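Data first, discussion second: the structure below is written as structure tokens.
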Amino acid sequence: MINIGCHLSVTKGYEAMGKTMCDFGGNTFAFFTRNPRGGKSKEILPEDAAALNALMEKERFGKLVAHGSYTMNLCASNETTRENGWDMLQNDIRRMELFPGNYYNFHPGAHTGQGAEKGIELIADALNSVMFPEMQTIVLLETMAGKGSEVGGTFEELRAIIDRVALKDKLGVCFDTCHTWDAGYDLVDDLDGVLRHFDEVIGLDRLYAVHFNDSKNPRASHKDRHEKLGQGYIGTDAMKRIALHPALQNKPFILETPNDDAGYIREIGIIKEWFI
Ligand code: FE
Ligand code: FE
Ligand code: ZN
């Protein structure tokens, strides 16, 4: 069983994204909670959120995987940037309550020269300052490619963040296949080993969602450039083994591949066929 979908644009509203995903043949999707580069957010109309929630229930959608802004850096050395990031996080987490029970994923951050240790501390502090016991969203740290000063390029760094967060039952990880490959994990020749390592360090029970992307670059390139399904260095066979892996069943798989609508419809179709 798979919950499959892709990243959608929020411009026509929330119920509209649900309808689009039905047309695409999928049953989950991702969206930016605000402008991914500028960081501005549009107010969510409660009736639009309720309409999407009803549609998802009716069409048996998997969990949504919302994505925080790329400009949100919880561990920036620049204080203004960092404070803006903390504000965005707080605001996003509050707004996600309009979609109870879904996931909010974000890039942990880039320590911009302060060192991973300091980065980890600041990211955890941010989460501790905005997460609250009654919240219904699961917050997900994304596995990163380890580009520049990115935090989260190793499972150990993600674990170190989780260790410092108080509300651990509301915190998990989103496994991005392009990023983990680019970080150096061998998804092609040692998928079982990678997932075993993930289990030992973080715990597979904390793996809530998958970003399902091929990579334009060889393993350990630390680049983070996504490729269409099967057209990159991971390749169709390995992508199929990932989708069918017993440890990853029933989780939302989100395509962030460089595609137009027709390309996403095609990829969703291919993946669904693997499960027939
Ligand atoms: Fe991401
Ligand atoms: Fe991703
Ligand atoms: Zn990426």
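No experiment lies behind these values; they were computed from the predicted model shown. One-based numbering, in listed order, for ligands and for the atoms of each.
If you check the side chains of His226 and Asp224, you find a donor sitting under 3.5 Å from an acceptor. Counting only N and O atoms by type, the side chains of Asn217 and His222 include no donor and acceptor under 3.5 Å apart.
Here the angle at the Fe ion (ligand 2) defined by OE1 in Glu256 and ND1 in His211 stands at 80°, rounded to 10 degrees.
Classification of Asp163 and Arg159 as a salt-bridged pair holds, one side-chain N sitting under 4.0 Å from a carboxylate O. Looking at Glu121 and Lys118, a side-chain N of the basic residue comes within less than 4.0 Å of a carboxylate O on the acidic one, giving a salt bridge.
Coordination check, His67 versus the Fe ion (ligand 1): passed, since an N/O/S atom of the residue sits under 2.8 Å. For residue His226, no N/O/S atom approaches the Fe ion (ligand 2) to within less than 2.8 Å. Counting backbone and side-chain atoms alike, Asp176 contributes no N/O/S atom closer than 2.8 Å to the Zn ion (ligand 3). Among the atoms of Cys178, none of the N, O or S atoms falls under 2.8 Å from the Zn ion (ligand 3). Taking backbone and side-chain atoms together, His179 has an N/O/S atom less than 2.8 Å away from the Zn ion (ligand 3). Put simply, Cys174 stays out of reach of the Fe ion (ligand 1), with no N, O or S atom under 2.8 Å from it.
The two residues Val151 and Met144 make their nearest non-hydrogen contact at O-CG, 3.6 Å.
Taking the Fe ion (ligand 1) as reference, the nearest N/O/S atom within Glu142 carries the name OE1. Nearest N/O/S atom of Asp224 with respect to the Zn ion (ligand 3) is recorded as OD1. Checked against the Fe ion (ligand 2), the N, O or S atom of Asp176 at the shortest distance is OD2.
For the side-chain hydrogen bond (donor to acceptor under 3.5 Å, both in side chains) with His67, the lone residue among His7, His107, Arg34 that qualifies is His107.
Environment of NZ in Lys12: sparse, with no more than 12 heavy atoms of neighbouring residues, nucleotides or ligands closer than 6.0 Å.
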